[in-house]
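Below: one structure, written as structure tokens.
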Amino acid sequence: MTVPNNNQKDEARLLLASGKFPLLRRLSITSLAAMLITATLLIFLYRQDQFAEHEVIAVQDNEESAIHLQRLLDEQFNTLVTSGNGLDAQVLKANPNIDLFTAELKKVRPPGILKVKVYNLSGTAIYSSVKSEIGGIGKHPEWIGKALQGKATGRMEFRASFNEAAGEKHDVYVSEIYMPLTHAGNTIGILEIYSDATPIFKRIRVNTIRIALIAFSVFAALYAALFFSVLRADRAVA
């Protein structure tokens with residue numbers, strides 16, 4: 001008669017353990033995977049919904065800022081556009097009305113505005129808070145076309161770097177809008193405004209982390225309840 005050694009005894013115990021609690025083995029892995037996937041999906045949907053909602057809000061705030069500036073600087077806009085029509089890029093940058101307009105803009109510019117640009121009817125930038133951009137062409141000719149038709153167009157995007165009057169900013173969410181610039185009921189150009197939406201999205205990121213912790217805590221509690229419930233059922237069957 002052969003006496004089993006310690007290794008054989010350990011193997012026998014493992015075989016015996018593997019035959020126990022079949023429901024627990026099957027349900028625990030499946031339910032854990034399902035809960036993790038569900039929690040991750042819910043967090044992703046929440047984040048996307050918040051981004052979409054606040055993008056709309058940021059564009060609306062930008063539009064309100066543009067309307068506010070037009071109302072306060074109506075005559076200054078008209079003088080700037082009139083004095084800049086027909087000038088080439090080099091002469092535009094030396095236009096004395098630019099400094100006068102900048103001084104007036106600083107008095108009434110809403111907080112959070114990174115840059116203001118003004119285009120004439122041909123799409124040439126006759127003014128920009130970043131002076132080196134004066135005389136250039138707009139990056140979104142289709143948006144300029146819509147603005148000339150009386151439609152405001154905007155969006156929000158992440159910029160790894162962004163030039164503003166104070167210098168270069170990094171890792172910033174920028175809300176941008178093109179609007180028709182009017183005077184005495186006539187369209188005289190296009191107004192483009194960039195605003196900083198970074199604080200909004202930092203709050204979304206913090207809220208997303210908080211929601212993620214809550215969601216995973218809830219699902220962990222549900223999984224623990226399911227685990228012990230199935231464990232009791234398996235013991236009863238055994």
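Keep in mind that what you see is a predicted model, and the values were worked out from it rather than measured.
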Over all heavy atoms of both residues, which pair between H183 and D74 is shortest? Give the atoms and the distance, please.
ND1-OD2, 3.0 Å
Which atoms form the tightest heavy-atom contact between V108 and L73, and what is the distance?
CG2-CD1, 3.8 Å
Considering all heavy atoms, the nearest M179-A66 contact
SD-CB, 3.3 Å
Whether Y119 and Y178 hold their rings parallel, tilted or perpendicular, with breakpoints at 30° and 60°
parallel
Checking N62 side chain against S175 main chain: does a donor-acceptor pair fall under 3.5 Å?
yes
Is a side-chain donor or acceptor of N78 paired with a backbone partner of V81 at a separation under 3.5 angstrom?
no
For residues E142 and T153, determine if any side-chain heavy atom of one lies less than 4.5 Å from a side-chain heavy atom of the other.
no
Closest non-hydrogen atoms of A197 and A58, given as atom of the first, atom of the second and distance, are CB-CB, 4.4 Å
Are R159 and E176 close enough that some pair of their side-chain heavy atoms sits under 4.5 Å apart?
yes
Within the distance-only criterion (no hydrogens, no angle test), does the side chain of K93 pair as donor or acceptor with the backbone N or O of G135 below 3.5 angstrom?
no
If you define the side chain from C-beta out and look only at heavy atoms, does anything of Y127 sit under 4.5 Å from L105?
yes
Of all the heavy-atom pairs spanning L69 and P110, show the shortest one and how long it is.
CD2-CD, 3.9 Å
Is there a side-chain contact between F77 and T182, using heavy atoms and a 4.5 Å cut-off?
no
K131 and D99 ion-paired at < 4.0 Å:
yes
Check whether any side-chain heavy atom of L92 sits under 4.5 Å from a side-chain heavy atom of T124, and report yes or no.
yes
Do L181 and I190 come close enough that some side-chain heavy atom pair is under 4.5 Å?
no
Looking at side-chain heavy atoms only, is the closest gap between E192 and W143 below 4.5 Å?
no
Check: E104 and L100 side chains under 4.5 Å, non-hydrogen atoms:
no
